[in-house]
Amino acid sequence: MKILLENIKELIQVREIAPNKVSGVEMNELPSIKNAWLFLENGIISDFGKMKDLKDIQASETIDCTGKIVLPTWCDSHTHIVYAGNREQEFVDRINGHSYQEIADNGGGILNSAKKLQAISQEDLLVQSATRLQEVMQLGTGAIEIKSGYGLTTEAELKMLRVAKQLEEIFPITVKTTFLGAHAVPSEYKDNKQGYIDLICTEMLPKVAEENLADYVDIFCEKGYFTVEDTHQLLSEAKKYNLIPKIHVNQFNAIGGIAAGVEHHALSVDHLEVLNPEDIEVLKGSVTMPVALPSCSYFLSIPYTPGRELIDAGLPLALATDFNPGSTPSGNMNFVVATACIKMKLTPEEAINAATINGAYAMGISDTHGSITKGKSASVIITKKIPSYGYLPYAFGSNLIDSVIINGELI
Ligand code: NIG
Ligand code: FE
């Protein structure tokens with residue numbers, strides 16, 4: 001397929017040489033070309049430039065983008081999109097005054113989803129998850145990370161990851177998978193957490209590695225879930241299988257999980273709604289990307305990650321959805337970008353960088369995604385006619401996407 005996009009009002013996030021991430025004040029720069037063309041060939045960005053310099057190009061399809069903006073597709077580096085059923089009842093329980101933690105302590109939460117996941121067939125799980133994946137592709141997500149973590153038995157964890165791999169085969173979207181066996185302690189192990197960690201280390205990890213089902217490993221490092229010591233143990237063990245960490249930390253309590261992640265060279269530390277000054281210090285100079293999940297804060301009415309503070313401290317920041325049945329039943333990256341601007345005081349430039357280049361870094365794909373760069377994946381969003389890219393977060397509730405191309409395929 002050779003697709004020519006012409007008369008583009010503004011081509012956003014153009015990087016001749018793409019950095020693998022942007023940090024601090026660099027995040028406020030969003031290079032672009034006004035009145036541009038873009039040529040996509042065999043799933044790859046092959047060339048681009050100003051309309052006045054457009055030479056004769058043989059395309060199989062030409063798309064007129066008059067009045068429209070073109071930008072790289074979103075890189076959603078943190079999701080739990082493979083899950084069974086929903087948790088609508090818990091949503092209503094929270095409206096009626098019960099807290100997220102209280103519901104989890106009473107057998108709801110992750111354990112509720114685990115029951116449903118263990119009961120569903122792989123076929124039905126695939127169908128439910130595919131529906132969500134197709135929806136987010138239409139919303140402009142071109143690369144997605146998918147976690148396990150609702151299985152909590154060896155078989156069910158493998159089932160989740162196998163479904164994630166099937167999704168990768170069926171759809172054009174780029175998929176990275178993460179093994180999150182340490183998402184919660186199953187009720188059978190409620191008085192024997194170490195027994196469950198041993199199961200993860202001696203049975204789950206080897207099987208996940210044997211079938212090559214995961215790129216990354218994750219753990220929910222949080223009071224009532226897994227401690228910093230558990231985190232060290234799991235991440236050390238996972239290293240033997242070349243699984244790089246991307247971990248859930250500082251959602252409700254700051255217990256030192258960020259330092260543990262940094263020590264293990266985690267690719268990302270995610271959530272960070274509650275941060276100590278020491279947590280910010282330890283991230284400086286590290287390879288670890290802080291990831292904020294503002295639609296989780298929105299849905300649970302918990303604090304927003306202090307993204308402004310992180311960027312002002314010279315750090316990078318990525319944005320992701322956290323799409324899952326309990327804390328964020330939404331995979332809309334457009335809403336995430338808008339909410340980061342509205343609630344976390346990021347500028348549109350910072351938010352778009354956080355959801356593209358830095359999102360790509362947080363899932364290990366910055367060589368191929370996150371910017372308009374020759375040789376990168378032909379994955380772009382074409383907006384409807386809008387006045388400027390700042391209009392995307394400004395008009396936060398509107399669907400401003402005209403069409404999406406993912407790895408060269410028109411969605
Ligand atoms: O990232 N915080 C831990 N895990 C998920 C949600 C778990 C759930 O409630 O199902 C999250 O928010
Ligand atoms: Fe999550």
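Read the numbers this way: they start at 1 and go in the same order the structure lists the ligands and their atoms. Scope of the values below: all heavy atoms of this structure, side chains included, with no hydrogens, waters or symmetry mates. Note that the numbering runs from 1 along the sequence shown for the chain.
- Considering backbone and side-chain atoms alike, S113 places every N or O at 3.5 Å or more from each N or O of ligand 1.
- Nearest protein heavy-atom contact of atom 10 (O) of ligand 1 is Y150 OH, 2.6 Å.
- Closest to atom 2 (N) of ligand 1, if we only count protein heavy atoms, is Q251 OE1, 2.6 Å.
- For Q233 and Q194, the side-chain atoms include at least one donor-acceptor pair closer than 3.5 Å.
- Remark: minimum distance from atom 9 (O) of ligand 1 to any protein heavy atom is reached at Y100 OH, 2.4 Å.
- The atom name of the N/O/S atom in D322 closest to the Fe ion (ligand 2) is OD1.
- Of the protein's non-hydrogen atoms, S327 OG, 2.6 Å is the one closest to atom 12 (O) of ligand 1.
- Of all N/O/S atoms in H80, NE2 sits nearest the Fe ion (ligand 2).
- Nearest non-hydrogen protein atom to atom 4 (N) of ligand 1 is H183 NE2, 2.7 Å.
- Counting heavy atoms closer than 4.0 Å to ligand 1, residue H78 contributes side-chain atoms (C-beta onward) but none from N, CA, C or O.
- For atom 11 (C) of ligand 1, the nearest non-hydrogen atom of the protein is D322 OD2, 3.1 Å.
- Side-chain contact, Q89 with D93: a donor N or O sits under 3.5 Å from an acceptor N or O.
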